[in-house]
**Student:** 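What follows is a single structure, and I will ask about it in a moment.
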Amino acid sequence: MTRTERLIVEPVSHDHADGLLAALADDRVGAFIGGPDVTSVEALHERIDRMTAGPGPDWPEEHWHNWVARRATDGVVVGRLEATTYGPVREAAEWAEVAYVFGPAYWGQGYAHEGTSWMLDHLRDAFGVRECWAAIHPDNARSVRVVERLGFEQRAAPARPMGSYDEPDLVFVRFTESA
Ligand SMILES: CC(C)(COP(=O)(O)OP(=O)(O)OC[C@H]1O[C@@H](n2cnc3c(N)ncnc32)[C@H](O)[C@@H]1OP(=O)(O)O)[C@@H](O)C(=O)NCCC(=O)NCCS
């Protein structure tokens, strides 16, 4: 578990299923990410199993990291953070792609900025990642704002084989500085 200024961030677990459903079961969440992020608590439990199991032996250079963000004042789940790091050694990754999904009830309060900022620092400190990519639908203005404020720069096309990239996404990259 980690504390940021206003959030508790912890690896996703089955304890979070009800909270994730309450926060993210809203049509607005899926508008620019290809459909709903959550559907039922049963499906969430299955997904949490897959998230924690990771990509498996067929993808030895791919590592999954998933966290849940809870509001520190009352413990309510406000969203989740995810990253895929790439490289033969988990603790010394070459690059990563990141994403974040927060509940509409909590939008516009800087939680995505705060959580993603922590995630970028953590990816650098724990896994050596300095090159982070994000793919964002062009109409997802809030998400574009999140990466811009974090210092990402737009690129014409992904320079890495990003699993989250689909036409006509915009792509952004940030080279994180040393601590
Ligand atoms: C994208 C998302 C994570 C943003 O969450 P959030 O907690 O509202 O983000 P923040 O409050 O940290 O920042 C939002 C920024 O968008 C701005 N914003 C708010 N409404 C906006 C709008 N209608 N148009 C453009 N920008 C807007 C805010 O002012 C803020 O910018 P600022 O930091 O310069 O003030 C959230 O909307 C979400 O989860 N959407 C659904 C899932 C998704 O699309 N994830 C991104 C996948 S790439």
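This chain uses plain numbering: 1 for the first residue, then up along the sequence. Atoms within a ligand are numbered from 1 in the order they appear, just like the ligands themselves. All figures in this text were calculated on a predicted structure; none of them were measured in a lab.
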**Student:** To the nearest 0.1 Å, how far is atom 48 (S) of ligand 1 from its closest protein heavy atom, and which atom is that?
**Tutor:**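 It is Ser143 OG, 3.3 Å.
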
**Student:** Please lay out, stage by stage, how Arg160 and Tyr165 fare under the test side-chain contact (heavy atoms from CB on, under 4.5 Å).
**Tutor:** CA-CA 10 Å; Arg160 298 284 195 178; Tyr165 174 78; over 6 Å; no

**Student:** Which protein heavy atom lies closest to atom 18 (N) of ligand 1, and at what distance to 0.1 Å?
**Tutor:** Arg142 CG, 3.9 Å

**Student:** Would you mind running through ligand 1 and noting each atom that sits below 4.0 Å from a heavy atom of Arg149?
**Tutor:** 33 (O)

**Student:** Using distance alone, determine whether Ala112 and ligand 1 share an N or O pair under 3.5 Å.
**Tutor:**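 By distance alone, the answer is yes.
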
**Student:** Is there a polar contact between ligand 1 and Gly110, counting only N or O atoms under 3.5 Å apart?
**Tutor:** yes

**Student:** Please lay out, stage by stage, how Tyr86 and Glu131 fare under the test side-chain contact (heavy atoms from CB on, under 4.5 Å).
**Tutor:** CA-CA 10 Å; Tyr86 295 88; Glu131 179 185 337; over 6 Å; no

**Student:** So, for Phe127 and His65, is the gap between ring centers shorter than 6.0 Å?
**Tutor:** yes

**Student:** Evaluate the side-chain proximity of His113 to Leu150: yes if any heavy-atom separation is below 4.5 Å, no if none is.
**Tutor:** yes

**Student:** Give the atom numbers and elements of ligand 1 that come within less than 4.0 Å of a heavy atom of Ile136.
**Tutor:** 48 (S)

**Student:** With the side chain counted from C-beta on, respond yes when Met162 and Asp169 share a heavy-atom pair under 4.5 Å apart, and no when they do not.
**Tutor:** no

**Student:** For ligand 1, indicate whether the residue Gln109 contacts it via side chain, backbone, both or neither (heavy-atom separation under 4.0 Å).
**Tutor:**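 The backbone, only.
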
**Student:** Does atom CD (Gln154) have a neighbourhood of more than 12 heavy atoms from anything else shown, all under 6.0 Å?
**Tutor:** yes

**Student:** With a 4.0 Å heavy-atom cut-off (strictly under), which part of Phe32 contacts ligand 1: side chain, backbone, both or neither?
**Tutor:**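 The answer is neither.
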
**Student:** Run the side-chain contact (heavy atoms from CB on, under 4.5 Å) test on Thr52 and Val12 for me, step by step, so that the C-alpha distance in whole Å, both residues' side-chain angles and the decisive distance to 0.1 Å come before the verdict.
**Tutor:** CA-CA 8 Å; Thr52 49; Val12 68; 4.3 Å; yes

**Student:** Under 4.0 Å and counting heavy atoms only, is there anything from the protein next to atom 27 (C) of ligand 1?
**Tutor:** yes

**Student:** Going through the distances and angles, do Val9 and His122 end up as a side-chain contact (heavy atoms from CB on, under 4.5 Å)?
**Tutor:** CA-CA 11 Å; Val9 184; His122 181 70; over 6 Å; no

**Student:** Backbone N or O of Gly87 within a donor-acceptor pair of the His63 side chain at under 3.5 Å?
**Tutor:** yes

**Student:** Give me the nearest non-hydrogen protein atom to atom 47 (C) of ligand 1 as residue plus atom name, then the distance to 0.1 Å.
**Tutor:**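 Its nearest protein heavy-atom neighbour is Ile33 CG2, 3.7 Å.
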
**Student:** Are any of the protein's heavy atoms under 4.0 angstrom from atom 35 (O) of ligand 1, yes or no?
**Tutor:** no

**Student:** Do Glu114 and Arg6 meet the salt-bridge criterion of a basic N to acidic O distance under 4.0 Å?
**Tutor:** yes

**Student:** If you scan the protein for heavy atoms around atom 8 (O) of ligand 1, do you find one that is closer than 4.0 Å?
**Tutor:** yes

**Student:** Can you find an N/O atom of Asn140 closer than 3.5 Å to an N/O atom of ligand 1?
**Tutor:** yes

**Student:** Check whether more than 12 heavy atoms from other residues, nucleotides or ligands sit under 6.0 Å from atom CG of Asp49, and answer yes or no.
**Tutor:** yes

**Student:** In terms of residue, atom name and distance, what is the protein heavy atom nearest to atom 41 (C) of ligand 1?
**Tutor:**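 Checked against all protein heavy atoms, atom 41 (C) of ligand 1 sits closest to Val29 O, 3.4 Å.
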
**Student:** Report the residue from Val171, Val146, Val144, Val147 that forms a side chain to side chain contact (heavy atoms under 4.5 Å, CB included) with Phe152.
**Tutor:** Val147

**Student:** Does the N or O separation between Tyr100 and ligand 1 drop below 3.5 Å for any pair?
**Tutor:**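 Looking only at distances, the answer is yes, because the N/O contact criterion of under 3.5 Å is met.
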
**Student:** Quick test: of every protein heavy atom, which one is nearest to atom 37 (O) of ligand 1, and how far off is it to 0.1 Å?
**Tutor:**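 Here the closest protein heavy atom is Trp107 CE2, 3.2 Å.
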
**Student:** How far is atom 39 (O) of ligand 1 from its nearest protein heavy atom, and which residue and atom is that?
**Tutor:** Phe102 N, 2.7 Å

**Student:** Can you tell me the protein heavy atom closest to atom 12 (O) of ligand 1 and the distance?
**Tutor:**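 Of every protein heavy atom, His113 N, 2.9 Å lies nearest to atom 12 (O) of ligand 1.
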
**Student:** Look at atom 15 (C) of ligand 1 and say which protein heavy atom is nearest, naming residue and atom and giving the distance to 0.1 Å.
**Tutor:** Arg145 CG, 3.5 Å

**Student:** Could you check whether any heavy atom of Ala135 sits closer than 4.0 Å to an atom of ligand 1, since that is the contact criterion I want to use?
**Tutor:** yes

